[in-house]
Each structure stands twice: as C-alpha cells, then as structure tokens.
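Treat the numbers as computed from the prediction; the structure is a model and nothing was measured. Naming convention: chains lettered A, B, ... in sequence-line order (proteins, then strands); numbering from 1 in each chain.
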Protein chains: 2
Amino acid sequence: MFATLEIRNGELMKKLELFEENQQEIASLAKALSHPARIAILQFLASTPTCISGDISDYLPLSRTTVSQHLKELKSMGLIQGDVEGLKIKYCLNKEGIEKLKNAFGGLFEEITPSENKTC
Amino acid sequence: MFATLEIRNGELMKKLELFEENQQEIASLAKALSHPARIAILQFLASTPTCISGDISDYLPLSRTTVSQHLKELKSMGLIQGDVEGLKIKYCLNKEGIEKLKNAFGGLFEEITPSENKTC
DNA sequence: TTCTAATGTCGCAAACATACGTCATTAATT
DNA sequence: AATTAATGACGTATGTTTGCGACATTAGAA
C-alpha cells in the first residue's frame, strides 16, 4: 500500500511519482477543486439551463485571462468540456468526469471512515 | 451566489476572499487532500487498528520533517488529531473532521450533478 | 542531573500556482 | 479583403507549497 524509493532510467523519480496511482489520482482531482474560483465555475456551469458560451468571467471577480486558465485546468482533469461552436465555445460539465470524481472521493471516504471500535 | 468586487477597510480584498464561504471551505478541504502523501497518511491512519505513535515517515517515501509538515496541515484542517502521550504522539483520524469533509463534498457533488435534460 | 529518543520548528531552495496584460488566432461580418 | 469579436497562448511578477537538513524542546531513562 505504501511506496518505497525507486530508481528509474538511472534518475531519481519525482517525489510525487513515489505514491500509488490511486493516491495520485485522488490528489490530482482534489487539486482541481482546491481553488474557490474552480468550485464557483463548476457550480455556475451546473446552475445554468444550457451550456454556457460567452464570458464566464462576467460572473466571477477575476479577469478573463485568469478564468480561462482555471477553465483549462478543469478541462484537463476532464471535469468540464468546451465545445467549439463557430467563434464561441460552449462550456459544460463533463458527465463522465464528474462521475469519476464522485467515485474517486466516494472510494476514499469509505476507506477512511474511522472505525467505531478502535482503541486509541 | 457569485461574488462581486468589494472593498474592505479601504483596501482591496485578497482575491481568495472574493468567493463565498462555502466555496472557500470546499477549496480548503480539497487542498488538504491535494497531495498524495496526505491521502496516504489518511489511508494509513484509517488502516491501523489503534492510533499510531512512532514515525509515520517509516511508511512513506519522504523524510520525517516533510511528513511532519503534512501531518500539521491535515491537523490544521481538523482531519486528524494528535494526542500527546508522554514523549510520543498518537495520531488518529478525527471523526468530526472526516464527517465535515464528507458533508462538504457530498453537498458539492449534489450541486454539480449534471441534469439529464440540459440543452447543449 | 545528564543523556537519549521522539518530535516539532526554522530557514532555505526549488518547484509550482495564481493573476493578469499583451499578443495571436480564428470565425463571422461588412 | 478588412474589421471586429471571442477566445486561447505567452510571458512574467508575485505568492505558495514542498522537501529537507539543522536546530530546539521536552519526557523519560540511566
């Protein structure tokens, strides 16, 4: 369950890579949720009746450039999708990604439920 | 639901403070989970039959100092507790903290469930 | 009281994240 | 073809996180 030091290609692995796939996946997903702007974006996309085109930064206290970066991060984690439609881009939650997110955290939460009969 | 620019004490607020309490809380909890070492620590604490004293870094590919910092972070978010017992410290999951974590994410996950009948 | 072991704190360096202005690209409009 | 509007990419400044060795603190053992 817990990683030990390894060498690969004659080089020391990056510290992050010394953990399990499972641990890395959850950590990555958690990182995607670790900024209030990204939470706000997910909530906003969920709250609209259609996928959104147009400037999401109108709804956030951040510049368009910054929001664009947060969108990119959410997209790279598969939590949202952006479909090009002519000059505009329609942003939407990505069903599979959100499902993956829920499952990953669900699994973790089961794993880390403190047992009742633990002697401390 | 979405913050607008505000001034407080004549100073510009920190960007992070421009978001809702709710969004900030989830983001902070997510940040606590955003490193594989911290996931591994939570899993490890959950997996032991008693609370753990002794060097958790023995089980992780990181130095004692680094692990100590990760423990501090988890503790500051209330996810674990460390009870001093003489010279040793017994680390344990913190029931209330884990509960809070589950509720926060549970709430978010409900909120961001993509609706079936959305027109995209 | 001195020594030792368990643990935290400090300070640094390197890596990474955030925020944003400016520029590049491209689709539609004139 | 030239213009405009929507958007992403690039560069950069500033702040935050990570990782760790060296030092400090403290409880108990000798």
Review point. Quick one: are A/Lys75 and A/Asn94 in side-chain contact, heavy atoms under 4.5 Å?
Key: no

Check your understanding: Taking A/Arg38 for the side chain and B/Ala27 for the main chain, is one N or O donor matched with an acceptor at less than 3.5 Å?
Key -> no

Check your understanding: Excluding sequence neighbours, so at least two apart, what forms salt bridge (charged side-chain N to carboxylate O under 4.0 Å, His left out) with B/Lys100?
Key -> none

Check your understanding: Can you tell me how far C1' of D/dA9 sits from CD1 of A/Ile89, to the nearest Å?
Key -> 12 Å

Study note, to complete from the structure: note: B/Leu87, atom CG; D/dG28, atom P; distance rounded to Å ~ 7 Å

Practice item. Take the protein atom CD1 of B/Ile56 and the nucleotide atom C1' of C/dG8, then report the distance between them rounded to whole Å. Key: 14 Å

Study note, to complete from the structure: Looking only at C/dC20, C/dA27, D/dT18, the nucleotide nearest the A/Ser63 side chain is C/dC20

**Study point:** Any B/Tyr91 side-chain nitrogen or oxygen under 4.0 Å from OP1 or OP2 of C/dG8
**Key:** yes

Exercise for review: For DNA chain C, determine which residues of residues 64-78 of chain A have any heavy atom closer than 4.0 angstrom to one of its atoms, and list them numerically.
Suggested key: A/Thr65, A/Thr66, A/Gln69, A/His70, A/Glu73

Point to revise | Nearest-angstrom distance from the residue atom NZ of B/Lys90 to P of C/dT7 | key: 12 Å

Review point. In terms of ring plane angle, is the pair B/His70 and B/His35 parallel, tilted or perpendicular, where the classes change at 30° and 60°?
Key: tilted

Point to revise | Sidechain-backbone polar pair: A/Ser68 side chain, A/Arg64 backbone, donor-acceptor under 3.5 Å | key: no

Review point. Once you round it to whole Å, what is the distance between C1' of C/dT7 and CG of B/Asp83?
Key: 15 Å

Review point. In whole angstroms, how far is the C1' atom of C/dA19 from the CZ atom of A/Arg38?
Key: 12 Å

**Study point:** Interatomic distance where CD1 belongs to A/Ile39 and P belongs to C/dT18 [whole Å]
**Key:** 12 Å

Point to revise | Length of the line joining B/Ile41:CD1 and D/dG19:C1', which is rounded to integer Å | key: 13 Å

Check your understanding: Within the pair A/Lys31 and C/dA17, is there a side-chain N or O less than 4.0 Å away from OP1 or OP2?
Key -> yes

Point to revise | Note, A/Tyr91 side chain near A/Leu74 side chain (heavy atom, < 4.5 Å) | key: no

Review point. What bend angle does the helix from C/dT1-D/dA30 to C/dT30-D/dA1 show across its length, from five-pair end axes and to the nearest 10 degrees?
Key: 10°

Review point. DNA chain C: A/Ser34 or A/Val84, which has the more 5' nearest nucleotide?
Key: A/Ser34

Exercise for review: Show your reasoning for whether side chain to side chain contact (heavy atoms under 4.5 Å, CB included) applies to B/Lys102 and B/Ile98.
Suggested key: CA-CA 6 Å; B/Lys102 286 180 189 174; B/Ile98 299 287; 3.8 Å; yes

Exercise for review: Report the C-alpha distance between B/Leu79 and A/Ile112 in whole Å, list the side-chain angles of each, state the deciding distance to 0.1 Å, and finish with yes or no for side chain to side chain contact (heavy atoms under 4.5 Å, CB included).
Suggested key: CA-CA 10 Å; B/Leu79 296 179; A/Ile112 66 175; over 6 Å; no

Review point. Which is it for B/Glu111 and A/Leu42 under the side chain to side chain contact (heavy atoms under 4.5 Å, CB included) test, yes or no, and what are the steps along the way?
Key: CA-CA 9 Å; B/Glu111 223 175 335; A/Leu42 291 176; over 6 Å; no

